[in-house]
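Letters go in sequence order (proteins before strands), and every chain restarts at 1.
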Protein chains: 2
Amino acid sequence: MAETRLERKLRATGGRITQQRRLIASILQQQNRHLSAEEILELARRQYPRLSLATVYRTLRRLKETGLVRELRLGDDCYRYELERGEGHQHMVCLGCGKVIEFVCDHCQEVHSDLAVQHSFEITGARVKLLGYCADCRARMQDQTKEKN
Amino acid sequence: MAETRLERKLRATGGRITQQRRLIASILQQQNRHLSAEEILELARRQYPRLSLATVYRTLRRLKETGLVRELRLGDDCYRYELERGEGHQHMVCLGCGKVIEFVCDHCQEVHSDLAVQHSFEITGARVKLLGYCADCRARMQDQTKEKN
DNA sequence: TTATATGCAAACAATTTGCATCCTG
DNA sequence: CAGGATGCAAATTGTTTGCATATAA
């Protein structure tokens with residue numbers, strides 16, 4: 001259970017297990033996608049209306065420090081959070097519609113390791129973000145071009 | 001000359017060539033590293049003291065749109081800007097001292113292209129950010145551990 | 001019981017915007 | 001000369017913090 005993992009990690013860093021923390025962790029687990037603090041707040045308030053945004057941020061920071069949560073930027077100016085799943089997935093972000101496509105790339109990881117050795121750098125985390133256009137948006141752009149002719 | 005390239009690009013998108021824009025572009029060119037808007041302002045004001053931060057941001061946005069400038073996030077909560085050099089370099093960011101190591105990785109680009117094909121995604125830009133610790137910081141951490149013994 | 005977590009409101013920092021004025025084309 | 005660009009100050013947005021209160025251990 002993620003609950004157990006959460007509790008273990010929190011206790012290991014001298015933290016307490018509160019309703020709020022459990023709730024936020026469970027939301028990240030259920031949704032299984034990069035949520036913003038605001039989105040987490042909204043979802044969490046359905047079950048616990050008095051939750052504050054400050055607590056969401058504080059909890060996310062804590063979970064990030066324990067390594068349970070991964071923090072990223074996808075292009076809209078806010079941090080996004082997702083449960084660390086350990087498979088090191090990465091993201092493609094469509095500049096047309098904002099859609100985010102996840103992918104796992106073992107090959108990337110090998111290349112990164114090689115680079116790290118070359119620069120005597122020790123990698124603790126990698127962020128790959130491919131910007132561009134998804135198939136749908138490209139199709140839409142095609143259509144619009146046709147219309148004009 | 002970059003001046004010419006700047007002028008061409010700006011005109012192509014219906015923009016005007018002003019002292020401020022020229023200055024900001026030349027700073028990015030000379031410094032040849034990821035600067036924040038504040039840093040650019042500070043450098044620019046040495047030559048043109050009445051420059052405003054708003055103009056810096058507006059100019060950077062414009063240069064980004066024309067493809068002359070690349071915008072990135074390196075971990076300190078502000079955007080950083082660098083002249084688009086076309087060789088698609090990427091960054092390692094040291095979590096200890098903030099140092100940024102640049103690297104060029106042709107192999108990465110190949111892998112990204114393959115991924116794009118697989119997901120029928122069209123890549124217009126790639127951001128790879130490797131987080132971790134540089135050699136200096138690791139050495140320092142070693143020393144500190146020794147001290148305690 | 002006591003230190004950690006919370007909620008609320010206020011504080012902050014980075015970026016954007018409205019508007020009168022300036023200047024390029 | 002007209003419309004885009006600038007400077008200034010005010011506004012916005014996302015995130016953090018201070019403090020009194022609540023709660024897990």
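For the OP1/OP2 pair of D:dA25 and a distance below 4.0 Å, the side-chain nitrogens and oxygens of A:R11 include at least one atom meeting the criterion. Side-chain nitrogen and oxygen atoms of B:Q20 include none within less than 4.0 Å of the OP1 or OP2 phosphate oxygen of C:dC23.
A straight line from CD of B:E7 to P of D:dA5 spans 14 Å, rounded to a whole angstrom. Atom CG in B:L23 sits roughly 15 Å away from atom C1' in D:dA5 (whole-Å rounding). Spacing between atom CD of B:E39 and atom P of C:dA14 amounts to 11 Å, rounded to whole angstrom units. Taking atom CD1 on A:I17 and atom C1' on C:dT6, their separation rounds to 16 Å, with Å as the unit. For A:E71 and D:dT16, the CD to P distance is 8 Å, given to the nearest whole Å. If you measure from atom CZ of A:R21 to atom C1' of D:dA24, you get 10 Å, rounded to the nearest angstrom.
Side-chain atoms of A:R16 and base atoms of C:dA3 include a donor and an acceptor less than 3.5 Å apart.
When only modelled atom types and interatomic distance are considered, B:Y81 and B:E71 share a side-chain donor-acceptor pair under 3.5 Å. For the residue pair B:Y48 and B:Q19, no side-chain donor N or O sits within less than 3.5 Å of a side-chain acceptor on the partner.
Counting all heavy atoms, side chain and backbone alike, B:A25 lies closest to B:L6 at CB-CD2, 3.8 Å. Pairing each heavy atom of A:L131 with each of B:F121, the nearest pair is C-CE2, 3.8 Å.
Atom CD1 in A:I24 sits 10.5 Å away from atom CZ in A:R58 (nearest 0.5 Å). Here the CD-CZ distance, from B:Q90 to B:R127, works out to 7.5 Å after rounding to the nearest 0.5 Å.
Map A:Q19 and B:R80 each onto its nearest nucleotide of DNA chain C; the residue landing nearer the 5' end is A:Q19.
Formation of a donor-acceptor pair under 3.5 Å by the A:R138 side chain with backbone atoms of B:S120 is found in this model.
Of the candidates C:dG25, D:dA5, C:dT15, C:dT15 carries the atom nearest the B:C78 side chain, counting heavy atoms from C-beta on.
B:H89 pairs by the ring pair (Phe, Tyr, Trp, His ring centres under 6.0 Å) definition with B:H91, not counting sequence neighbours.
Between B:L68 and B:R5 the shortest side-chain heavy-atom distance falls below 4.5 Å.
Non-hydrogen atoms lying under 4.0 Å from DNA chain C are contributed by B:L53, B:A54, all within residues 41-56 of chain B. Within residues 57-67 of chain B, the residues approaching DNA chain C are B:Y57, B:R58, B:R61, by heavy-atom distance under 4.0 Å.
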